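What you see is a predicted model; the values in this text were computed from it and never measured. Start at 1 and go down the list; that is how both ligands and their atoms are numbered.
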Amino acid sequence: MFTRRVAVVGTGYVGLTTGACLASLGHQVVCADIDTAKVERLRRGVVDILEPGLSELVAEQVTAGRLSFVVGASSAVSGFADGGDGSGQAEVVFLCLPTPMGVGGVADLRAVEAVVEETRELLAPGTVVVNKSTVPVGTAARTAELLDRADVAVVSNPEFLREGSAVHDFLNPDRIVVGCDTAEAAERVAALYARLGAPTVLTDASSSELMKYAANCFLAMKLSYVNAMAELCERVGADIGDVTEAIGYDRRIGQAFLSPGPGWGGSCLPKDTHALLQVADAADFEFRLLRATIDTNTRQRQRIVDKVRQAVTGRRTGSLTRVRLGLLGLTFKAGTDDLRDSPALAIAALLRQAGADLVGYDPALVGDPSNPDKPARTEVDGVPLVADPLEAAQGAEAVVVLTEWPVFRTLDWTAMAGVMKQPIVVDTRNLLDSATLRRAGLTGIGLGRRDTGAA
Ligand code: UDX
């Protein structure tokens with residue numbers, strides 16, 4: 001079988017998933033991180049992030065001898081056992097590095113630049129450097145310039161992993177995209193994934209870099225559209241669930257990504273929408289549709305606060321000062337412990353500003369008693385956390401569901417109602433069954449739902 005020596009620099013969601021999955025496809029993989037303690041933990045088989053199947057896959061590939069962890073990019077690049085061809089060097093180097101949003105929404109490329117600087121002299125002739133992080137259009141060209149090595153190609157190969165299903169998404173991709181101005185290097189990277197049998201788009205580096213933004217911004221636009229449509233449903237007495245089900249049967253639209261919510265968040269969509277706006281501004285293109293997508297999302301958070309205010313006080317201008325609220329779910333979506341750009345936290349901040357007294361519960365933040373590296377969180381962004389939902393409901397004037405954790409559906413809502421000061425549940429994910437809430441004596445208020453009414 002065809003295998004390559006692959007170095008993966010960065011062991012975050014993208015890097016660790018890429019490393020473990022490429023190893024599972026038969027490649028020899030060395031993953032590097034600058035965080036010595038993290039590398040130590042990975043060597044002991046401890047995976048810090050909550051990602052279904054990832055720790056099992058890491059353990060399996062380490063045992064199979066195809067995956068190992070080192071400190072520092074340079075050790076990864078030259079960290080392979082000599083395969084008999086005189087080379088202990090990586091043939092392909094994946095950069096899976098953070099590209100946080102810097103000043104004015106421009107992606108901050110310092111991590112990529114530092115690794116390029118560290119490794120440029122060490123790369124064997126013919127090495128392919130692959131950028132897997134979402135980076136501004138032109139980064140492959142800039143990386144090639146920094147490398148200044150005519151014998152090393154730079155390729156863009158964007159990832160499409162969703163947190164919470166990263167391993168599944170990697171091994172079952174809708175498509176593989178490889179962008180490079182040298183066809184041979186692009187084909188070499190595409191060949192790493194050959195066993196997955198996915199449709200593969202080979203293109204130039206800029207198109208590949210742009211398409212990642214095009215995909216994520218389209219998804220953000222779809223969600224802002226649905227959230228706006230849910231609001232319209234409330235005004236005209238329609239039901240968003242029925243509307244989205246019906247439009248979803250249109251194959252051109254599709255059923256996925258049509259659930260209204262407290263606004264989209266996470267580590268990608270907010271960053272990528274702002275970054276694409278920057279790309280457009282720099283190209284002197286006024287991308288009004290994208291700006292409206294972002295504005296609609298910002299407004300959605302305030303809309304949730306207004307809903308809570310109306311539900312609890314019965315008035316649009318009622319005061320939330322010292323009103324106790326129980327928040328269920330703080331992560332940016334279910335199935336992850338990631339709090340980055342979580343709409344739940346943005347809403348919590350607005351509620352706190354309005355004077356509310358908050359208590360939060362999230363199943364991903366209660367810690368793992370069997371893992372000392374995973375202690376329970378006691379607060380997040382000033383919101384005290386409790387260990388169970390009932391405690392969060394205690395004395396609350398409303399419970400606000402902010403993350404779509406399935407476990408919230410089957411809570412003992414009668415017991416919850418029993419400890420609350422007012423029997424109100426604001427369900428920003430349209431997650432809960434209205435009849436169950438009614439039976440428990442609770443008034444449920446969702447988004448654009450006929451059966452829970454609008455607030
Ligand atoms: C996203 C992209 O899906 C992925 O392809 C890309 O590589 C990284 O960014 P992720 O950030 O893990 O993945 O989250 P995703 O599942 O896409 O959800 C993004 C946000 O949209 C979350 O806040 C989520 O709660 C929200 N969402 C999603 C909805 O409100 N409704 C939906 O129907 C789907």
Side-chain angles (χ1 to χ4, degrees), residues 12-15 17-18 49-52 54 96 98-99 101 131-135 156-170 172-177 208-209 211-231 240-241 243-245 247-248 253-276 293-294 296-298 300-301 303-304 329-347 362 364 401-406 408 427-431 446-448:
Y13 282 99
V14 175
T17 309
T18 301
I49 45 184
L50 181 70
E51 197 56 59
L54 186 57
C96 301
T99 52
M101 199 149 53
N131 212 330
K132 209 147 179 67
S133 312
T134 307
V135 290
S156 155
N157 170 220
E159 53 79 23
F160 303 102
L161 318 174
R162 287 164 303 167
E163 290 183 24
S165 53
V167 172
H168 174 271
D169 289 355
F170 191 101
N172 301 276
D174 288 336
R175 76 300 207 188
I176 303 284
V177 180
S208 170
E209 287 165 344
M211 72 73 48
K212 179 60 199 287
Y213 290 110
N216 274 356
C217 294
F218 189 89
L219 293 171
M221 184 179 71
K222 200 173 178 188
L223 293 177
S224 280
Y225 180 81
V226 167
N227 285 333
M229 195 56 75
E231 187 169 353
I240 189 67
V243 170
T244 50
E245 185 189 353
I247 63 171
I253 296 174
Q255 294 284 358
F257 250 71
L258 284 182
S259 304
W264 36 270
S267 64
C268 291
L269 301 193
K271 177 164 76 79
D272 294 355
T273 43
H274 281 97
L276 187 59
T293 297
I294 297 170
T296 302
N297 199 47
T298 309
Q300 184 68 0
R301 295 160 180 189
R303 187 168 117 70
I304 302 296
L330 292 162
T331 55
F332 83 95
K333 64 173 187 178
T336 175
D337 56 0
D338 198 339
L339 293 163
R340 284 177 291 176
D341 250 313
S342 171
L345 292 182
I347 290 164
D362 190 294
V401 175
L402 291 165
T403 310
E404 75 285 21
W405 287 105
F408 295 156
D427 176 7
T428 72
R429 296 281 185 168
N430 287 355
L431 174 76
L447 301 185

**Student:** Would the distance check show the side chain of T336 and the main-chain N or O of D338 forming a donor-acceptor pair, the cut-off being under 3.5 Å?
**Tutor:**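 A pair under 3.5 Å: yes.
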**Student:** I need the contact type for K212 against ligand 1. Using non-hydrogen atoms and a strict under-4.0 Å cut-off, is it side chain, backbone, both or neither?
**Tutor:**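 K212 to ligand 1: side-chain contact only, backbone stays beyond 4.0 Å.
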**Student:** Considering heavy atoms of the protein only, find what lies nearest to atom 12 (O) of ligand 1 and give residue, atom and distance to 0.1 Å.
**Tutor:**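 For atom 12 (O) of ligand 1, the nearest protein heavy atom is E163 N, 2.6 Å.
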**Student:** Can you list the ligand 1 atoms lying under 4.0 Å from a non-hydrogen atom of E159?
**Tutor:**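 Per the distance check, 7 (O).
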**Student:** Would one find an N or O of S259, backbone or side chain, under 3.5 Å from an N or O of ligand 1?
**Tutor:**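 Looking only at distances, the answer is yes, because the N/O contact criterion of under 3.5 Å is met.
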**Student:** If you measure every N or O of L161 against every N or O of ligand 1, does any of those distances drop under 3.5 Å?
**Tutor:**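 For ligand 1, there is an N or O atom that lies under 3.5 Å from one belonging to L161.
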**Student:** Looking only at side-chain N and O atoms, does T18 offer a donor or acceptor that is under 3.5 Å from a partner on E159?
**Tutor:**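 Checked: E159/T18 side chains show no N/O donor-acceptor pair below 3.5 Å.
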**Student:** Answer whether the closest heavy-atom distance between the side chains of D427 and R429 falls below 4.5 Å.
**Tutor:**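 Yes, close enough: below the 4.5 Å cut-off.
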**Student:** Side chain or backbone of L258 under 4.0 Å from ligand 1, or both, or neither, by non-hydrogen atoms?
**Tutor:**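 Just the backbone.
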**Student:** Think R340 forms a cation-pi with F332, using NZ or CZ under 6.0 Å from the six-ring centre and within 45 degrees of its axis?
**Tutor:**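 No, cation not above the ring by the 6.0 Å, 45° rule.
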**Student:** How far is atom 23 (O) of ligand 1 from the closest protein heavy atom, and which atom is that?
**Tutor:**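 Here the nearest protein heavy atom works out to G265 N, 2.9 Å.
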**Student:** At the 4.0 Å heavy-atom cut-off, does G266 count as touching ligand 1?
**Tutor:**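 Under 4.0 Å: no for G266.
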**Student:** How does Q300 reach ligand 1, if at all, at less than 4.0 Å between non-hydrogen atoms: by side chain, backbone, both, or neither?
**Tutor:**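 Looking at Q300 and ligand 1, no heavy atom falls under 4.0 Å.
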**Student:** With only distance considered, is L219 within less than 3.5 Å of ligand 1 through an N or O on each side?
**Tutor:**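 Not met; the criterion fails.
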**Student:** Among I304, T298, N297, find the residue that satisfies the side-chain contact (heavy atoms from CB on, under 4.5 Å) test when tested with R301.
**Tutor:**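 Single side-chain contact (heavy atoms from CB on, under 4.5 Å) partner of R301 among I304, T298, N297: N297.
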**Student:** Among all the protein's non-hydrogen atoms, which is closest to atom 17 (O) of ligand 1, and how far away is it?
**Tutor:**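 Result: F257 CZ, 3.1 Å.
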**Student:** Decide whether an N or O pair under 3.5 Å exists between E404 and ligand 1.
**Tutor:**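 No - when backbone and side-chain N and O of E404 are compared with those of ligand 1, no distance drops under 3.5 Å.
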**Student:** Which of the numbered atoms in ligand 1 are below 4.0 angstrom from a heavy atom of C268?
**Tutor:**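 What qualifies from ligand 1 is 8 (C), 9 (O).
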**Student:** N131 side chain to S156 main-chain N or O, any donor-acceptor pair under 3.5 Å?
**Tutor:**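 Not at all, since once roles are kept as given, no pair shorter than 3.5 Å links the two residues.
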**Student:** Report, in ascending order of atom number, the atoms of ligand 1 lying under 4.0 Å from any heavy atom of L223.
**Tutor:**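 Numbered from 1, ligand 1 contributes 21 (O), 26 (C), 27 (N), 28 (C), 29 (C), 31 (N), 32 (C), 33 (O), 34 (C).
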**Student:** Nearest to atom 22 (C) of ligand 1, what protein heavy atom do you find, and at what distance?
**Tutor:**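 Heavy-atom neighbour on the protein nearest atom 22 (C) of ligand 1: F332 CD1, 3.6 Å.
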**Student:** Under 4.0 Å between a side-chain nitrogen and a carboxylate oxygen: does that hold for K333 and E163?
**Tutor:**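 Looking at K333 and E163, the cut-off is not met.
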**Student:** Return yes or no for this condition: an N or O of G261 is under 3.5 Å from an N or O of ligand 1.
**Tutor:**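 Between G261 and ligand 1, no N or O pair is found under 3.5 Å apart.
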**Student:** Select one of side chain, backbone, both or neither to describe which atoms of N216 lie under 4.0 Å from any atom of ligand 1, heavy atoms only.
**Tutor:**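 Within the 4.0 Å criterion, N216 contacts ligand 1 through side-chain atoms alone.
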**Student:** Looking only at atom types and distance, does a side-chain atom of D362 sit under 3.5 Å from a main-chain N or O of T331, one as donor and one as acceptor?
**Tutor:**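 Side chain of D362 to backbone of T331, a donor-acceptor pair under 3.5 Å: yes, one is there.
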**Student:** Is it true that a side-chain atom of T273 and a backbone atom of P270 form a donor plus acceptor pair closer than 3.5 Å?
**Tutor:**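 Judged by distance alone, yes, a pair lies under 3.5 Å.
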**Student:** Hey, is L269 touching ligand 1 through its side chain, its backbone, both or neither, going by heavy atoms under 4.0 Å?
**Tutor:**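 For L269, only side-chain atoms sit under 4.0 Å from ligand 1.
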**Student:** Taking the side chain from E51 and the backbone from A166, do they hold a donor-acceptor pair closer than 3.5 Å?
**Tutor:**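 Such a contact is found between E51 side chain and A166 backbone.
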**Student:** So, taking the atom named CH2 in W264 and the one named OG1 in T296, what distance separates them when rounded to the nearest 0.5 Å?
**Tutor:**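 Between atom CH2 of W264 and atom OG1 of T296 there are 9.0 Å.
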**Student:** From atom 14 (O) of ligand 1, work out which of Q255, R162, K333 has a heavy atom at the shortest distance.
**Tutor:**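 Residue with the shortest heavy-atom distance to the ligand atom: K333.
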**Student:** Could you check atom 5 (O) of ligand 1 against the protein and tell me its nearest heavy-atom contact, residue, atom and distance included?
**Tutor:**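 That would be F160 O, 3.2 Å.
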**Student:** How about Y225: does its OH atom have over 12 heavy atoms from other parts shown lying under 6.0 Å from it?
**Tutor:**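 No, the 6.0 Å shell around OH holds no more than 12 heavy atoms from other groups.
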**Student:** Ignoring hydrogens and angles, tell me if any N or O in the side chain of K212 forms a donor-acceptor pair with the backbone of N157 under 3.5 Å.
**Tutor:**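 Absent.
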**Student:** Where is the nearest protein heavy atom to atom 25 (O) of ligand 1: which residue, which atom, and how far?
**Tutor:**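 It is R429 NH1, 2.8 Å.
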